[in-house]
There are 2 protein chains.
Amino acid sequence: MSGGIKIDGIDKIIIKRLVEDARTPVLGIAREVGISGAAIHQRLRKLEDSELMIGSKLILNPKALGYTTTAFVGIFLESASMYSSAIKKLRDIPEVVECHYTTGNWSIFIKILCKNNEDLMYLLNHDVQRIKGVARTETFISLDQQINRQIKI
Amino acid sequence: MSGGIKIDGIDKIIIKRLVEDARTPVLGIAREVGISGAAIHQRLRKLEDSELMIGSKLILNPKALGYTTTAFVGIFLESASMYSSAIKKLRDIPEVVECHYTTGNWSIFIKILCKNNEDLMYLLNHDVQRIKGVARTETFISLDQQINRQIKI
DNA sequence: ATTGAAAGCTCTTCCGA
DNA sequence: TCGGAAGAGCTTTCAAT
């Protein structure tokens with residue numbers, strides 16, 4: 001997984017600019033660092049071909065779509081063998097935005113976005129709890145998110 | 001927070017393409033939906049000015065940087081009043097990529113990326129536990145992440 | 001809200017250093 | 001790894017619909 005790519009200071013600037021705004025023009029970065037657009041372009045190509053860059057995404061504001069409730073839900077499975085079938089069902093619930101297989105109390109740990117607490121309750125009782133193998137859930141509502149970032153390069 | 005923006009099918013296609021790849025050219029989208037580049041450009045401008053779009057980001061692969069361990073950590077605070085000072089300290093730990101104030105067992109709930117389990121242990125014992133107000137932590141390591149997406153538009 | 005046109009800028013490639 | 005140059009492609013604006 002560590003593709004052995006070597007990153008220097010110029011690469012870091014390219015990455016930083018594009019992490020801030022993925023649509024920043026390559027030529028703008030070129031002017032900033034003082035080398036040619038072609039050189040930046042070549043470096044970006046190299047970075048794209050490495051495993052470092054997964055892609056670039058437009059980031060949406062869930063609140064603008066009415067999704068004001070963020071919650072984490074720990075799921076107890078009756079048996080660990082039900083993991084993959086449960087995942088398949090969770091994938092069909094659009095509000096489930098992350099799904100982890102975790103050590104500790106639970107088997108599955110999900111992050112969920114809902115329009116409000118009522119919708120969350122309905123979703124847990126109606127959609128999640130009815131998945132085959134789900135024994136019990138524990139829910140933690142996020143009242144406030146203060147940090148949201150990527151790993152520092 | 002719900003800025004009252006109206007989104008039609010064409011806007012949804014624009015958003016979908018840019019969520020897939022933020023660097024997709026507007027003209028490419030224009031050809032796909034069959035209206036002019038100028039029209040798509042205007043729509044994108046409108047979307048950018050709304051609260052729907054937070055921005056666009058290059059997405060990095062933590063594993064390519066050697067960060068192979070993802071963990072969630074519930075933090076018990078001695079008193080809720082220590083929340084903001086604790087956040088300030090957590091912000092100084094680059095491995096902390098998310099930080100939530102949650103209902104339920106804990107006061108603070110963080111997502112953390114580390115190079116390996118040893119680093120995680122060191123970070124918890126050395127950096128997190130020593131923050132003033134932190135009484136105890138509970139750690140859940142993510143062995144596998146199967147879902148990672150944004151809210152459906 | 002959409003269009004085509006026009007101007008300016010950006011991307012991409014290629015080759016020589 | 002970099003720079004220059006060239007053509008293709010893209011963005012941005014505008015007047016008109």
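Residue numbering restarts at 1 for every chain, and letters A, B, ... go by the order of the sequence lines.
- Closest approach to the A:P25 side chain among C:dC11, D:dT11, C:dT3 is made by C:dC11 (side chain taken as heavy atoms from C-beta onward).
- One interatomic measurement links the two molecules: CZ of A:R43 to C1' of C:dC11, which rounds to 18 Å at whole-angstrom precision.
- Within the 4.5 Å cutoff, the side chain of A:C99 has heavy atoms near those of the A:I87 side chain.
- Ranked by how close their nearest DNA chain C nucleotide is to the 5' end, A:Q42 and A:V26 are led by A:V26.
- Following rounding to the nearest Å, A:K46 (NZ) and C:dT12 (P) show an atom-to-atom distance of 17 Å.
- Using a 4.0 Å heavy-atom criterion, one finds that A:I35 contacts the sugar-phosphate atoms exclusively.
- Distance A:R17 CZ to C:dT10 P: 16 Å, rounded to the nearest Å.
- Residue B:I29 contributes atom CD1, which lies 13 Å from atom P of D:dT12 at whole-angstrom precision.
- Between A:R23 and A:I40, the residue anchored closer to the 5' end of DNA chain D is A:I40, taking for each the nucleotide with the nearest heavy atom.
- Residue A:D127 is tested with A:N125, A:I131, A:L123 for a side chain to side chain contact (heavy atoms under 4.5 Å, CB included); the sole match is A:L123.
- Distance CG (A:D21) to P (C:dT10): 14 Å, rounded to an integer number of Å.
- Among the nucleotides D:dC10, D:dT13, C:dT2, the one closest to any side-chain atom of B:L27 is D:dC10.
- Relative ring orientation between B:F76 and B:W106 is described as perpendicular, the plane-to-plane angle rising above 60° on a 0-90° scale split at 30° and 60°.
- Taking only side-chain atoms of B:R45, from C-beta outward, the nucleotide of D:dT1, D:dT12, C:dT2 with the closest atom is D:dT12.
- Contact annotation: B:R31 reaches the phosphate of D:dC10 (side-chain N/O to OP1 or OP2, under 4.0 Å).
- In this model, the phosphate group of C:dT12 is approached by a side-chain N or O of A:H41 to a distance below 4.0 Å at OP1 or OP2.
- Each of D:dG3, C:dT10, D:dT13 was ranked by its minimum atom distance to the side chain of B:A38; first place goes to D:dT13.
- As a whole-Å value, the separation of B:L44 CG from C:dT2 C1' is 16 Å.
- Across A:Y67 and A:L113, no two heavy atoms sit closer than the pair CD2-O, 3.6 Å.
- The residues A:K111 and B:E98 are annotated as salt-bridged, a charged nitrogen and a carboxylate oxygen being separated by less than 4.0 angstrom.
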